Amino acid sequence: MLPKDIIKKIRRIEITTNRLVTDMFAGQYHSVFKGRGMEFDEVREYQIGDDIRTIDWNVTARTGRAHIKKYVEERELTVMVLVDCSLSTHFSTAGQLKSQLAAEIAALLAFSAIRNNDKVGAIFFTDRIEKFIPPRKGSRHVLRLVREVLCFKPKGKGTDIRGALEFLSRVTAHRSVAFIISDFFEKEGASKEPSYKKELSIASRRHDLIAVSLSDPSEDRLHHSAMLFLEDAESGEIMPVDPRDKEFSRIYSRSASDRFRERARLFKSFNIDEIRISTGSSYTDEIVRFFMERRKRK
């Protein structure tokens, strides 16, 4: 049986996200994400204003009156939510942990999908694939997904985005809308390029891929005035830092700025939309902005 505090969290997220979906996201989600194509609906008589390219000439010849073929959008989508559960997401200096933000965002996207009668599934990953929830419909399925993302205890510590994207390609037979929710911190290799660049390129061609980048204000610049000991949550490495050292603070901020800029450039090169969300700001504002900008482009 689930602990009472987890049950309360699930209930709070259910109430909050249902309200947000009803008030803000349902219509925007529907207008932004298209289905798999158009399917035939019916044949009816031609009316003034109809597109002449839709005329069904066989029926027109048989009946002696102009008829057109009517099509409707094939709405059903498969939505996949890839959630980074690595230790670096269990961090915040300004409000919710990144992992808590990831849980609420995953729930919001899942409820939006279900409200539009789409299937939704999830992949939880660290430096390995931790759990896969196959896409299904229904509110009970979404509540299971929310419960899992809140209660799940990962075995891994690090981050393997490449493995998560490879797994996505293996378990999805058709094109999906895939949200990858992560802080995109991974162990640096010899190359400056991220290890997942190739897999990102492949996934972006096969799916409608959206990156939800989680960050914390302290990852942009140091706000403290006393000696700090920074620990890498994934490797355990500890480094003493003096924020009063202006040169170090300048290098720290420039490095963070370069990292975010390079990541944005990488996403843009593959036509991947990025939603940037900080622990110190409202994630709903950023998601609304994403929907509005994407709808303008369409």
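Numbering starts at 1 and runs along the sequence shown. In what follows, every heavy atom counts, from backbone to side chain, and hydrogens, waters and symmetry copies are set aside. Not measured: the values here are computed from a predicted model.
When each of L77, T78, D208 is tested with R175 by the rule side-chain contact (heavy atoms from CB on, under 4.5 Å), just one qualifies, namely D208.
Between T54 atom OG1 and D56 atom CG the span is 9.5 Å, to the nearest 0.5 Å. Here OG of S204 is found 7.5 Å from CG of N271. Values are rounded to the nearest 0.5 Å. In this structure, D51 CG and K69 NZ are separated by 13.5 Å, a value rounded to the nearest 0.5 Å. Separating the CD1 atom in I287 from the CG atom in L108 is a distance of 5.0 Å, to the nearest 0.5 Å. In this structure, K157 NZ and C85 SG are separated by 15.5 Å, a value rounded to the nearest 0.5 Å. To the nearest 0.5 Å, the span separating CD1 on I123 from CE on M80 amounts to 4.0 Å.
Taking each heavy atom of R206 and A173 in turn, the nearest pair found is NH2-O, 3.5 Å. In this structure, P194 and E186 approach most closely via the heavy-atom pair CA-OE2, 3.5 Å. Closest approach of A106 to V83, counting heavy atoms only: CB-CG2, 4.3 Å. R136 approaches H141 most closely through the heavy-atom pair O-CD2, 3.3 Å. Taking every heavy atom of both residues into account, L214 and K98 meet most closely at CD1-O, 3.4 Å. When all heavy atoms of R276 and A264 are compared, the pair lying nearest together is NH2-CB, 3.1 Å.
Inter-residue side-chain proximity for S278 and P217 is flagged as met; some heavy-atom pair is nearer than 4.5 Å. For the pair F185/T89, no side-chain contact is recorded, criterion being any heavy-atom separation below 4.5 Å from C-beta on. Here the side chains of H67 and E45 are in contact, with some heavy-atom distance below 4.5 Å. Here the side chains of I105 and F179 are not in contact, with every heavy-atom distance at 4.5 Å or above. Residues K197 and F270 form a side-chain contact, since some pair of their non-hydrogen atoms from C-beta on lies under 4.5 Å apart. Put simply, the side chain of T126 does not reach to within 4.5 Å of the side chain of K155, judged on heavy atoms. For the pair L145/E148, no side-chain contact is recorded, criterion being any heavy-atom separation below 4.5 Å from C-beta on. Two residues are said to be in side-chain contact when any heavy atoms from C-beta on lie closer than 4.5 Å; S112 and L109 fail this criterion.
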K119 vs K137, side chain to side chain contact (heavy atoms under 4.5 Å, CB included): CA-CA, chis, key distance, verdict: CA-CA 5 Å; K119 295 179 181 178; K137 296 183 181 181; 3.8 Å; yes
Side chain to side chain contact (heavy atoms under 4.5 Å, CB included) evaluation trace for R44 with D50: CA-CA 11 Å; R44 63 166 173 79; D50 285 338; 2.9 Å; yes
What verdict does the side chain to side chain contact (heavy atoms under 4.5 Å, CB included) test give for R263 and E274, after you've listed the backbone C-alpha separation in whole Å, the side-chain angles of each residue and the deciding distance to 0.1 Å? CA-CA 9 Å; R263 185 191 301 160; E274 181 184 16; 4.0 Å; yes
Worked verdict on E293 versus D273 for side chain to side chain contact (heavy atoms under 4.5 Å, CB included): CA-CA 10 Å; E293 290 177 355; D273 285 323; over 6 Å; no
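Using modelled atom types and a 3.5 Å distance limit, the side chains of E286 and S281 yield no donor-acceptor pair. Between the side chains of R205 and S201, at least one donor N or O sits under 3.5 Å from an acceptor N or O. Judged by distance alone, the side chains of D183 and S88 do bring a donor and an acceptor atom under 3.5 Å apart.
A donor-acceptor pair is defined here as one N or O able to donate and one able to accept, closer than 3.5 Å; such a pair exists between the side chain of E130 and the backbone of G156. Within the 3.5 Å criterion, the main-chain N or O of S86 finds a donor-acceptor partner in the side chain of D84.
Note: the hydrophobic cluster containing L82 does not contain Y283 (ILVMFWY, side chain heavy atoms under 4.5 Å, direct or indirect links). I272 and V79 are members of different hydrophobic clusters when ILVMFWY side chains are connected at heavy-atom separations under 4.5 Å. The hydrophobic clustering, which links ILVMFWY residues whose side-chain heavy atoms are closer than 4.5 Å, places V120 and I133 together. The hydrophobic clustering, which links ILVMFWY residues whose side-chain heavy atoms are closer than 4.5 Å, places F267 and L209 together. The hydrophobic clustering, which links ILVMFWY residues whose side-chain heavy atoms are closer than 4.5 Å, places V142 and V81 together.
Applying the ring-ring contact (aromatic ring centres under 6.0 Å, His included) test to F125 and every residue at least two apart in sequence or in another chain returns nothing.
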Expected list for residues 160-171: side-chain donor-acceptor pairs under 3.5 angstrom, two or more places apart:
{"from": "D160", "atom 1": "OD1", "to": "R162", "atom 2": "N", "distance (Å)": "3.4"}
{"from": "D160", "atom 1": "OD1", "to": "G163", "atom 2": "N", "distance (Å)": "3.0"}
{"from": "S169", "atom 1": "OG", "to": "L165", "atom 2": "O", "distance (Å)": "3.4"}

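Atom NZ of K268 is surrounded by 12 or fewer heavy atoms from other residues, nucleotides or ligands within 6.0 Å.
Between F184 and Y196, the angle of the ring planes lies from 30° to 60°, which puts this pair in the tilted group.
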